[in-house]
There are 2 protein chains.
Amino acid sequence: MPRQVDHDERRRQLTEALLRIASTRGLQAVSMREIAAEAGVSLRVVQYYFTNKQALLESGLTELGARMDRRVKQRAAVAAGELTPRGVFAAVLGAILPFDEQSKLDSMAWTAYYTAALTDPALAAVGVTLPNALENFLTVRLTAAQQAGDIAPDRDPRIEVAGLLALANGLTSSVLSRQRSHEAAIKIIDYHLDRLFGPAAA
Amino acid sequence: MPRQVDHDERRRQLTEALLRIASTRGLQAVSMREIAAEAGVSLRVVQYYFTNKQALLESGLTELGARMDRRVKQRAAVAAGELTPRGVFAAVLGAILPFDEQSKLDSMAWTAYYTAALTDPALAAVGVTLPNALENFLTVRLTAAQQAGDIAPDRDPRIEVAGLLALANGLTSSVLSRQRSHEAAIKIIDYHLDRLFGPAAA
DNA sequence: CCCGAATGGATACAGTCGTATCCTAACAAG
DNA sequence: CTTGTTAGGATACGACTGTATCCATTCGGG
């Protein structure tokens, strides 16, 4: 039955059209007709594959979360080869910051969704999963690193992780608003990782 | 000529009605008619005191910036009495985080404006002034503190300030989305100030 | 063959939006 | 007293919104 595949593929195309609009013109510019035009289909098709605008929006947020997750996992997997805890943190935090055009667009859309979620509980429910998972993952890693003697014993792993993630989020904001370049943000993160783990391996 | 006073007062009332809507229901819920209803006036009055919706939105952002500025200056002035650089930083960063109901509402509106500014250059121009001024102010302070021996000489004041402000912004996000409590955010900031300045004065 | 389901084009509907226009009052200056 | 400006009520206009309906295809299983 190839129908289901086509169906999912169509939905994926529409979701991507939605995210393209949201990341370049903002979430308030997203309308059924705009998505149809962006995807090159008729309004009816958009209605056909998504019952609601709400369903469409939630699909966009889910896709966005999946992309972030993919980026982080990919970078973390590469860095895990080095085995140094600092490398893992640099990779994960580096994956949060917008580092190329696509991740910058995704970060824009993510920010738009985050803001919408502040006044829309339905979106909030979908959006908090990923950040929490990340925080837990990194906390486990850092606690282990501390027991292995990689960071000083007077550090609090939970607070350190929360701080680093908040730092990365704040830096993402400043990069998106062009207050700071990507390189400057990376430098700030490295600076903090140096103080936590000691300077990067030579 | 009491007219000008009345005029400004009216504009202030309408701007506050706008911010009330933006902070509770989001910027996309802000319409001329909604503002009129919230302020208890007719649509014509809103049109009369603001030529455009754009003008109204910019007025809201300006007012929001003024409130933030007032909060920071007020806290900083109180803390400057103690004369310790750490106290100044704790006060300023504490003023950025939402610490009561009103500042939480303002932070919500600020976030909404920040996101809108990402895809609306007109708003971006109005909004970047305050963050830059804050960053410069704190950098000057921290550089002076370093020359006075209050922080270690191997610290980079510019990077430290940028990091602390990004941290405060990221923590604000997590507090607004109820991922973290205000107290937890304060604790994280204090933790970082401890590492920068040494533990708080007894 | 044919008939019901999947697919999608065209159009309609009831709201809401920002903005514009028309028409009163009130009041200050001549 | 008149006249012009400030202030605001009532209403209209065209554009756009999400959603619904009607209709024509296409196609696989009986």
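Letters A, B, ... are given to chains in the order of the sequence lines, protein chains preceding strands, and every chain is numbered from 1.
Checking dG9(C), dG9(D), dT19(C) against every side-chain atom of R44(A), the shortest atom distance belongs to dG9(C).
If you measure from atom CD of Q47(B) to atom C1' of dC22(C), you get 13 Å, rounded to the nearest angstrom. For the pair D6(A) CG and dG28(D) P, the interatomic distance rounds to 12 Å; values are reported in whole Å.
Each salt bridge (Lys or Arg N to Asp or Glu O under 4.0 Å) pair with one or both residues in residues 163-187 of chain A, not counting sequence neighbours, appears once here: R180(A)-E135(B). Applying the side-chain hydrogen bond (donor to acceptor under 3.5 Å, both in side chains) test to every pair with at least one member in residues 88-101 of chain B, sequence neighbours left out, gives these pairs: D100(B)-S103(B). Within the structure, ring pair (Phe, Tyr, Trp, His ring centres under 6.0 Å) contacts touching residues 39-70 of chain A (residues at least two apart or in different chains) are H7(A)-Y49(A). Identified under the salt bridge (Lys or Arg N to Asp or Glu O under 4.0 Å) test for residues 156-175 of chain A, with sequence neighbours left out: R155(A)-E160(A).
Sorted by residue number, the list of members of residues 16-29 of chain A with any non-hydrogen atom under 4.0 Å from DNA chain D is empty. Within residues 48-58 of chain A, the residues approached by DNA chain C to less than 4.0 Å at the level of any non-hydrogen atom are Y48(A), Y49(A), in residue-number order. Of the residues in residues 31-43 of chain B, those lying under 4.0 Å from DNA chain C by heavy-atom distance are S31(B), M32(B), R33(B), L43(B).
D120(B) is linked by a side chain to side chain contact (heavy atoms under 4.5 Å, CB included) to Q54(B), A122(B), L123(B), counting only residues two or more places apart in sequence or in another chain. A90(A) meets the side chain to side chain contact (heavy atoms under 4.5 Å, CB included) test with L193(A); sequence neighbours excluded. Every residue meeting the side chain to side chain contact (heavy atoms under 4.5 Å, CB included) condition with E34(A), not counting sequence neighbours, appears here in chain and number order: I21(A), R25(A), S31(A). Contacts of S173(A) classified as side chain to side chain contact (heavy atoms under 4.5 Å, CB included), with partners at least two apart in sequence or in another chain: Y114(B). T139(B) pairs by the side-chain hydrogen bond (donor to acceptor under 3.5 Å, both in side chains) definition with nothing, not counting sequence neighbours.
Contact annotation for V30(B): backbone-only contact, meaning every heavy-atom pair under 4.0 Å involves sugar-phosphate atoms and none involves a base.
Minimum interatomic distance between L93(B) and A168(B) (heavy atoms only, all atoms of both residues): CD2-CB, 4.1 Å.
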